[in-house]
Protein chains: 4
Amino acid sequence: MSVLVQEPSSRSRRTYKRAAERREQILDCALEAFSESGYHQTSVADVCQRAGIGRGTLYQYFEDKRDLLVALAERIAGRITDLVDKRPRLQIPDGLKPTGDEAVAFIQDRFVEFLTVIFEDEATARVILKAGRGADGVVDQILRRIDERVVGVIEADLRAAIDAGIVRPLDERLVARFFMGGVEKLVLSCLDDDRPIDIENIAREAAVLEARGILAD
Amino acid sequence: MSVLVQEPSSRSRRTYKRAAERREQILDCALEAFSESGYHQTSVADVCQRAGIGRGTLYQYFEDKRDLLVALAERIAGRITDLVDKRPRLQIPDGLKPTGDEAVAFIQDRFVEFLTVIFEDEATARVILKAGRGADGVVDQILRRIDERVVGVIEADLRAAIDAGIVRPLDERLVARFFMGGVEKLVLSCLDDDRPIDIENIAREAAVLEARGILAD
Amino acid sequence: MSVLVQEPSSRSRRTYKRAAERREQILDCALEAFSESGYHQTSVADVCQRAGIGRGTLYQYFEDKRDLLVALAERIAGRITDLVDKRPRLQIPDGLKPTGDEAVAFIQDRFVEFLTVIFEDEATARVILKAGRGADGVVDQILRRIDERVVGVIEADLRAAIDAGIVRPLDERLVARFFMGGVEKLVLSCLDDDRPIDIENIAREAAVLEARGILAD
Amino acid sequence: MSVLVQEPSSRSRRTYKRAAERREQILDCALEAFSESGYHQTSVADVCQRAGIGRGTLYQYFEDKRDLLVALAERIAGRITDLVDKRPRLQIPDGLKPTGDEAVAFIQDRFVEFLTVIFEDEATARVILKAGRGADGVVDQILRRIDERVVGVIEADLRAAIDAGIVRPLDERLVARFFMGGVEKLVLSCLDDDRPIDIENIAREAAVLEARGILAD
DNA sequence: CATGAATGAGCTTTCATTCAT
DNA sequence: CATGAATGAAAGCTCATTCAT
């Protein structure tokens, strides 16, 4: 499953890597380990074993166990920030009519695309939504920063849509949070039941729900 | 040492009662401690100190630290189950028209009432939403059971509303989860920012959102 | 040899002690261990084994390993301070003639008595003169304080003797230090050669030397 | 094992010299480091950094960390041995009268000269008197050897002076040790207070003290 | 030869749990 | 029942030493 585990053929043979590479590899293993068992249940030895390195090696790249989690959270935060920054601003096509199916489809597409990138990696989703939670104050803050980032994107979209008259005036921040929470819950239920995250479907359903509400026409 | 007054005469029933009381008191302290610092950051000694008892005493009421959390989670689950069981089935008033403001108001009222009881206690909310998360497999299951319970109620409501033609046909479970996730996120954002949980407002906003969606009319 | 080691009959049986007693016992064992092998060569486990206690027990009485040494040094400092405080001021007997044998004898007696109490315990001497040295900044300071204390006493004696005209005017502090250094070196040479510290003889010799000098009459 | 041999063609002497130079340089850095922070507080990495070499390089010149200290101690021992060997035997000038000022002055000069060379270098003094102490059995022995050497010189002087009738008969070894101890203590007090070692003054004071004693005439 | 990434034995320290009092 | 001193498994972490490059 994992490319990270050391080949068992040449036991106890040292492997040399470039610093950056090794760091990434350790983070990969930490991601795996933390996502599988949670932060506290994972020992430093666990992570090292997965990476096929000695205990001391890890401490050449990270201050301590907490720093490992912080670094991991920051890597995730960085990636999401990149995504967010690269994302084009919402451009409402001319003549798009609100309430129409077109509007729903349009919203759907944007979210499917966005959420796909964020939640496509199950391990990362696990760390963001479960493993990292409550483990440590600093980490919590980073996770919250990630959250703010993502929510901020949705918020911006909402604002633009309101300006364009597609969406009715509302508290964008609150709605963005609500939406994000709903999606996260659906993702979480996948994780909890060990179902694969069908993020495309989730995003699609969520978008419809959000757009139309639940009332009968 | 104990604040619970000493009554040496006829101890039998009272002792039992005392024991139960003591157990409750310990759980109260555990709730407090866990909600403040999280499960792993809280030591058994911490809980005992709050309860004003010796370390050993706690172990006469609980198997181990995990059992303490399990018991706490079960107490919460029990309380919510009670709520759920006491809750009257959804009775759609005759002649209620879908899409109308009346329908929205009706839904709102039901949810405000329900969510208020679940999230009114901040400490409990903290344990359900943060402290207990990822602490332990068994506890996770209990929390999930609580969740299922709550989601189940919403689901049932939805089903009834669909049958009554107020709500359009949809995947009730998914929608219930989405709704619950949205509300939880809003509650969480209060906890994270140390704002009081204005559950009434949250429930109200969430209900409108869910009913009408976000699209302009 | 040592009264401290646990009786081997009832293995792994817990022993309970009063806090103060246990603390003293641990300090006794630490004294033994540090004096035998030096601070760095001694592991916390060593000390615990000698005391017949579990590792954790030590940490109920001392912050960490360093704190153990600090406490030990402070205990020694306290004892010496007590000695010093109890020591009567130098009273020059009337009509004592300088340069005479009586003066030498008088000085001798005072020092023999004083140094005996300080250096009679070999283990303590070892810690003061060897094991504690350079182990840690804080400990160094305490040891220096002990030193200052002892040197201060000699200094005071010298001053009184100068005032009485028995001793010629000189830099009392410097001379006191020189004297103390000389004595310590003699004690050290006993420790190094595993000879018992014949402090009486050392003090006697040192006093003569200091009083008369080495020149032929 | 040793890097010192190796003589292929013309490079021989230079290579040899380079290796020896490098060794010396490492020892210099070790001296610096050990004297500043003590043996245990100094890491191998620290020494290497000061020397501007990689960690592995050090191990081509020294077996291990202890060997580094041993080598350092031996270098110091060697230098002192050289000093001692070069030192002319005590020649009592004809007609020197005991107890006279001349005798004191004579003794003074000899000691000032001798001690100056031993303690002039503060870093070395620190290692001999503090850093090396109690660090390791083998090193302790070397330091003791140095001590014996120095004490031996004083002892020999004393013996000669006794033979010449300048100094009264006494236990030369004991007196030499006492004297050395006294001087060391004075030097130590400089180190502890971060005062420069005014060895000339110390030696002078010590010599007077030793010669005349403290009693009033 | 030089390097510094990699190593892991060994140590300190924590804390849930036990048990003599 | 209650206690809290005692426990020791288990974890984190350090750093002298090795070795592939």
Side-chain angles (χ1 to χ4, degrees), chain A residues 12-19 21-23 40-48 51-66 68, chain B residues 1-2 6 11 15 18-19 22 40 42-49 52-68, chain C residues 12-19 21-23 40 42-48 51-68, chain D residues 3 6 15 18-19 22 40 42-49 52-68:
Chain A
S12 82
R13 201 119 206 95
R14 286 189 186 193
T15 57
Y16 279 72
K17 285 206 161 152
R18 292 215 222 94
E21 215 177 309
R22 171 79 0 127
R23 211 186 127 90
H40 281 107
Q41 285 75 26
T42 300
S43 74
V44 171
D46 274 347
V47 177
C48 292
I53 60 173
R55 234 97 34 82
T57 307
L58 188 144
Y59 285 90
Q60 285 197 319
Y61 296 90
F62 304 95
E63 292 275 324
D64 50 27
K65 190 186 172 189
R66 206 197 67 159
L68 183 61
Chain B
M1 204 89 298
S2 168
Q6 211 70 357
R11 287 161 295 166
T15 302
R18 275 220 211 105
R22 172 61 37 107
H40 282 107
T42 300
S43 71
V44 170
D46 194 355
V47 176
C48 293
Q49 200 163 23
I53 60 172
R55 230 91 53 86
T57 308
L58 188 144
Y59 284 87
Q60 283 183 321
Y61 297 91
F62 303 96
E63 291 277 322
D64 51 29
K65 189 186 175 188
R66 207 197 62 165
D67 184 40
L68 185 61
Chain C
S12 84
R13 202 119 206 92
R14 284 188 187 193
T15 58
Y16 278 72
K17 286 204 159 153
R18 291 215 224 94
E21 214 176 310
R22 171 84 350 132
R23 211 186 127 90
H40 282 107
T42 300
S43 75
V44 170
D46 275 346
V47 177
C48 293
I53 59 173
R55 234 97 36 82
T57 307
L58 189 144
Y59 283 90
Q60 283 197 318
Y61 296 91
F62 304 96
E63 292 275 323
D64 50 27
K65 190 186 172 189
R66 206 198 66 158
D67 184 42
L68 183 60
Chain D
V3 203
Q6 199 141 358
T15 303
R18 276 222 207 101
R22 172 61 40 104
H40 281 107
T42 301
S43 72
V44 170
D46 193 356
V47 175
C48 292
Q49 199 162 24
I53 60 172
R55 228 92 51 87
T57 309
L58 187 143
Y59 285 86
Q60 284 184 322
Y61 296 94
F62 303 96
E63 292 277 324
D64 51 28
K65 190 187 176 187
R66 208 197 61 165
D67 185 40
L68 185 61

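Under 4.0 angstrom from either OP1 or OP2 of dA2(E) there lies at least one side-chain N or O belonging to Gln60(D). A sub-4.0 Å separation between OP1 or OP2 of dA5(F) and a side-chain N or O of Thr57(C) is absent.
The interatomic distance linking Arg14(C) (CZ) with dT18(E) (C1') rounds to 5 Å, in whole Å. dT12(E) atom C1' lies 13 Å from atom CG of Asp46(C), rounded to whole Å. Distance, Glu21(C) CD to dT21(E) P: 13 Å, rounded to whole Å.
With rounding to the nearest 0.5 Å, the separation of NZ in Lys65(B) from OG1 in Thr42(B) is 6.5 Å.
Across dT17(F), dC13(F), dA2(E), the shortest atom-to-atom separation from the side chain of Tyr59(A) is found for dC13(F). Listed nucleotides dA6(F), dA5(E), dG12(F) differ in distance to Arg22(C); the shortest reach to its side chain belongs to dA6(F).
When heavy atoms are screened at a 4.0 angstrom cut-off, Phe62(A) is found touching no nucleic acid atom at all. Residue Ser43(D) is in sugar-phosphate contact alone, with no base atom involved, counting any heavy-atom pair closer than 4.0 Å across all strands shown.
In this structure dT13(E) sits in a base pair with dA10(F), meeting the Watson-Crick or G-U test at under 3.5 Å. Nucleotide dA20(F) forms a pair with dT3(E), judged by Watson-Crick or G-U wobble geometry with both contacts under 3.5 Å.
Screening Gln60(A), Lys17(A), Arg22(A), Arg14(A) for a side chain to side chain contact (heavy atoms under 4.5 Å, CB included) with Ile53(A), the sole residue that qualifies is Arg22(A).
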